[in-house]
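What follows is a short report on a single structure.
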Number of protein chains: 2
Amino acid sequence: MTTQQLVDQIRKKKSFLCIGLDTDLEKIPSHLLEEEDPIFEFNKAIIDATHQLCVAYKPNIAFYEAYGLKGWKSLERTIDYLNKNYPEIFTIADAKRGDIGNTSTRYAKAFFEELSFDSITIAPYMGKDSVEPFLAFQGKHTILLALTSNEGAFDYQTQIIDGTELYKKVLKTSRTYENSKNLMYVVGATKAEYLTAIREIIPDNFLLVPGVGAQGGSLQEVCRYGLTKDVGLLINSSRGIIYASDSANFAKAAKIEAEKLQNQMAVLLDSN
Amino acid sequence: MTTQQLVDQIRKKKSFLCIGLDTDLEKIPSHLLEEEDPIFEFNKAIIDATHQLCVAYKPNIAFYEAYGLKGWKSLERTIDYLNKNYPEIFTIADAKRGDIGNTSTRYAKAFFEELSFDSITIAPYMGKDSVEPFLAFQGKHTILLALTSNEGAFDYQTQIIDGTELYKKVLKTSRTYENSKNLMYVVGATKAEYLTAIREIIPDNFLLVPGVGAQGGSLQEVCRYGLTKDVGLLINSSRGIIYASDSANFAKAAKIEAEKLQNQMAVLLDSN
């Protein structure tokens with residue numbers, strides 16, 4: 001998917017919502033546990049109920065890997081279902097991978113080709129030759145961790161390196177990588193006040209913003225400092241939407257929560 | 001496995017060799033492609049031929065993920081084969097994972113419980129609460145990326161942060177994490193001259209050292225600066241051993257290459 005196709009979808013749906021599929025057998029409604037593939041059935045119901053309100057889904061790969069082969073199968077079925085039924089949706093493998101060149105190429109093939117995701121999240125620690133193999137895939141997007149929303153972000157990311165914070169160094173350096181036009185960045189919503197400085201370095205790139213809701217970030221704050229002329233934001237919400245209810249009506253409850261965010265987004269887009 | 005059990009195995013075998021299972025369908029002998037599970041059959045033959053010469057195996061998870069469900073199945077069969085037949089072997093999931101708390105716990109469960117690996121490689125970028133969930137598993141080991149052997153290591157790892165290089169900051173900070181006794185570190189052999197400074201910060205922790213052979217590091221150099229009283233080193237070789245030959249005799253050829261390294265290690269251990 002091209003960035004323009006993503007922008008067009010955002011304009012059409014008046015939404016820049018990404019729904020995180022952090023699907024956990026201990027949290028999904030118990031009646032689903034009788035199904036052959038409860039994780040897929042849960043995801044399918046959530047997707048069917050919410051796809052008109054969001055522009056992206058983000059399976060958190062750890063949640064699938066934790067169930068071994070069965071989990072991997074559920075992940076495969078979920079991405080296949082999305083690509084077949086809702087091809088306009090932008091898909092994100094939240095995998096946080098990153099390794100030396102030929103190994104990164106393997107991860108890229110796993111997620112871009114084998115599973116046909118539109119994008120993947122990547123850790124920057126190993127530098128240029130760990131990131132560029134992902135960037136080499138045309139029509140695919142590499143979402144680099146910059147400033148995350150967790151407490152540990154202060155261990156290294158906000159420390160001063162080469163005269164600037166490490167996360168800014170990552171933003172600046174990654175812009176020099178080959179095919180850097182395929183870059184997006186993870187920026188935690190809990191640190192909205194950092195967005196002005198971030199936008200000075202990367203005025204146009206899309207930001208994937210976790211941490212609205214469960215992690216305490218404010219949608220209005222993020223938009224104030226982060227919106228661009230082409231929107232440039234994907235706001236992720238996971239637990240607040242998918243676990244809105246554990247009753248038989250869980251999908252409808254999820255839709256209601258997604259609608260609340262989409263309504264706010266429509267207002268913010270109109271006034272932008 | 002405890003660190004002491006690993007040290008005992010090293011002393012007994014006079015080897016601190018780790019063999020990397022970067023198993024690639026395009027590189028394994030073509031006669032294996034007729035098997036139902038060529039990747040597992042290749043790994044099994046390599047393991048059977050070399051297990052007395054090494055103390056650890058390190059499947060590179062990307063190589064398995066790239067083949068989707070089939071690859072995950074081959075990985076599962078490989079680790080099960082190792083745990084059942086050679087329980088004295090230290091197993092490393094070279095996965096380079098790392099995410100916020102509850103997600104890191106999922107990855108830890110995937111590799112420590114579901115697949116029963118003894119250890120996993122982890123990226124430090126997201127800090128304390130992304131690493132500690134792995135450290136919480138007793139009898140398991142978390143191998144944190146410090147200084148990697150690739151060119152991109154110079155993008156961030158060797159930059160000065162808080163008065164010291166980022167990789168040294170990672171070494172120092174991670175020592176303050178809960179259960180830090182379960183930490184080992186990745187240090188690339190191509191930068192052996194850095195080892196003196198590294199040993200000043202972490203005098204005892206085991207180092208996993210890739211880059212001997214294919215990436216040009218010297219075993220003697222690494223040992224001169226990196227050996228501790230309890231050895232403290234695992235030297236990894238992947239392609240140089242497992243792809244020594246693509247003939248029907250590939251396992252025997254791998255054994256010969258492993259033997260060369262083990263012989264050098266025996267001399268280095270005796271003179272330590």
Side-chain angles (χ1 to χ4, degrees), chain A residues 22 24 60-69 71-73 76 94-111 113-115 121 123-132 145 148-157 159-162 166 169-170 173-174 210 215, chain B residues 22 24 60-69 71-73 76 94-111 113-115 121 123-132 145 148-157 159-162 166 169-170 173-174 210 215:
Chain A
D22 298 13
D24 180 346
N60 184 333
I61 306 304
F63 282 70
Y64 301 82
E65 280 192 6
Y67 299 115
L69 265 182
W72 201 260
K73 182 80 190 161
E76 210 173 78
D94 195 3
K96 302 194 172 66
R97 301 297 194 260
D99 208 309
I100 59 169
N102 71 327
T103 303
S104 273
T105 298
R106 297 271 150 180
Y107 280 126
K109 284 184 178 178
F111 290 99
E113 292 184 349
E114 184 77 22
L115 293 170
T121 57
Y125 191 74
M126 294 181 70
K128 177 178 169 130
D129 53 330
S130 73
V131 180
E132 286 187 341
L145 297 185
T148 56
S149 57
N150 62 318
E151 196 194 325
F154 299 105
D155 275 8
Y156 313 113
Q157 296 169 25
Q159 300 278 332
I160 302 298
I161 185 168
D162 197 16
L166 174 58
K169 171 86 178 161
V170 168
T173 303
S174 61
Q215 292 166 63
Chain B
D22 298 12
D24 180 347
N60 184 332
I61 306 303
F63 282 69
Y64 301 82
E65 280 192 6
Y67 299 115
L69 264 182
W72 201 260
K73 182 80 191 160
E76 209 173 79
D94 195 2
K96 302 193 172 69
R97 299 295 193 263
D99 209 309
I100 58 169
N102 72 328
T103 303
S104 273
T105 298
R106 297 271 150 177
Y107 281 126
K109 284 185 177 175
F111 291 99
E113 292 183 349
E114 184 76 20
L115 293 170
T121 57
Y125 191 74
M126 294 180 70
K128 175 177 170 132
D129 53 330
S130 73
V131 179
E132 286 186 342
L145 297 184
T148 57
S149 55
N150 63 318
E151 197 194 324
F154 299 105
D155 274 8
Y156 313 112
Q157 296 169 26
Q159 301 278 333
I160 302 299
I161 186 168
D162 197 17
L166 174 58
K169 171 85 178 161
V170 167
T173 303
S174 61
Q215 292 167 63

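Sequence lines set the chain letters: A, B, ... in the order given, protein chains first and strands last, and positions in each chain run from 1.
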Name the region of B:Glu114, side chain, backbone, both or neither, that has any atom closer than 4.5 Å to a heavy atom of chain A.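 Just the side chain, heavy atoms under 4.5 Å.
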Donor-acceptor pair, A:Asp155 side chain versus B:Lys128 backbone, under 3.5 Å?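 It does hold such a pair.
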Between B:Asn150 and A:Gly101 (side chain of the first, backbone of the second, donor and acceptor by atom type, cut-off under 3.5 Å), is there such a pair?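 No; judged by distance alone, with no hydrogens or angles, the pair does not exist.
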Between [X] and chain B, which part of the residue has a heavy atom less than 4.5 Å away: side chain, backbone, both or neither?
X        : value
A:Glu76  : side chain
A:Ile61  : both
A:Val170 : both
A:Ile160 : backbone

Smallest separation among heavy atoms of [X] and [Y], with atom names:
X        : Y        : answer
B:Glu65  : A:Ala110 : O-CB, 3.4 Å
B:Tyr156 : A:Ser174 : OH-N, 4.1 Å
B:Phe63  : A:Asn102 : CZ-ND2, 3.8 Å
A:Leu145 : B:Tyr125 : O-CE2, 3.6 Å

Taking every heavy-atom pair that is under 4.5 Å apart, which of B:Trp72, B:Phe111, B:Phe154, B:Tyr67 has the most such pairs with chain A?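 Ranked by heavy-atom pairs under 4.5 Å with chain A, first place is B:Trp72.
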If you count heavy-atom pairs under 4.5 Å with chain A, which of B:Lys169, B:Arg97, B:Glu151 comes out on top?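 So the answer, after comparing B:Lys169, B:Arg97, B:Glu151, is B:Arg97.
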Distance-only polar pair, side chains of A:Thr103 and B:Asn60, donor-acceptor under 3.5 Å: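 Side-chain D/A pair, A:Thr103 to B:Asn60: present.
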Specify which of A:Ala153, A:Pro124, A:Gly98, A:Gly71 makes the most heavy-atom pairs with chain B at under 4.5 Å.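 The residue among A:Ala153, A:Pro124, A:Gly98, A:Gly71 with the greatest pair count is A:Pro124.
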Pairs of heavy atoms under 4.5 Å with chain B: top-ranked of A:Ala95, A:Ala108, A:Ala66: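 Top option by heavy-atom pairs under 4.5 Å: A:Ala66.
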Any heavy-atom pair between the side chains of A:Lys96 and B:Lys96 that's under 4.5 Å?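 SC-SC contact between B:Lys96 and A:Lys96 ruled out.
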When rounded to the nearest 0.5 angstrom, what distance separates CD in A:Gln159 from CD1 in B:Ile161?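 CD1 of B:Ile161 is found 5.0 Å from CD of A:Gln159.
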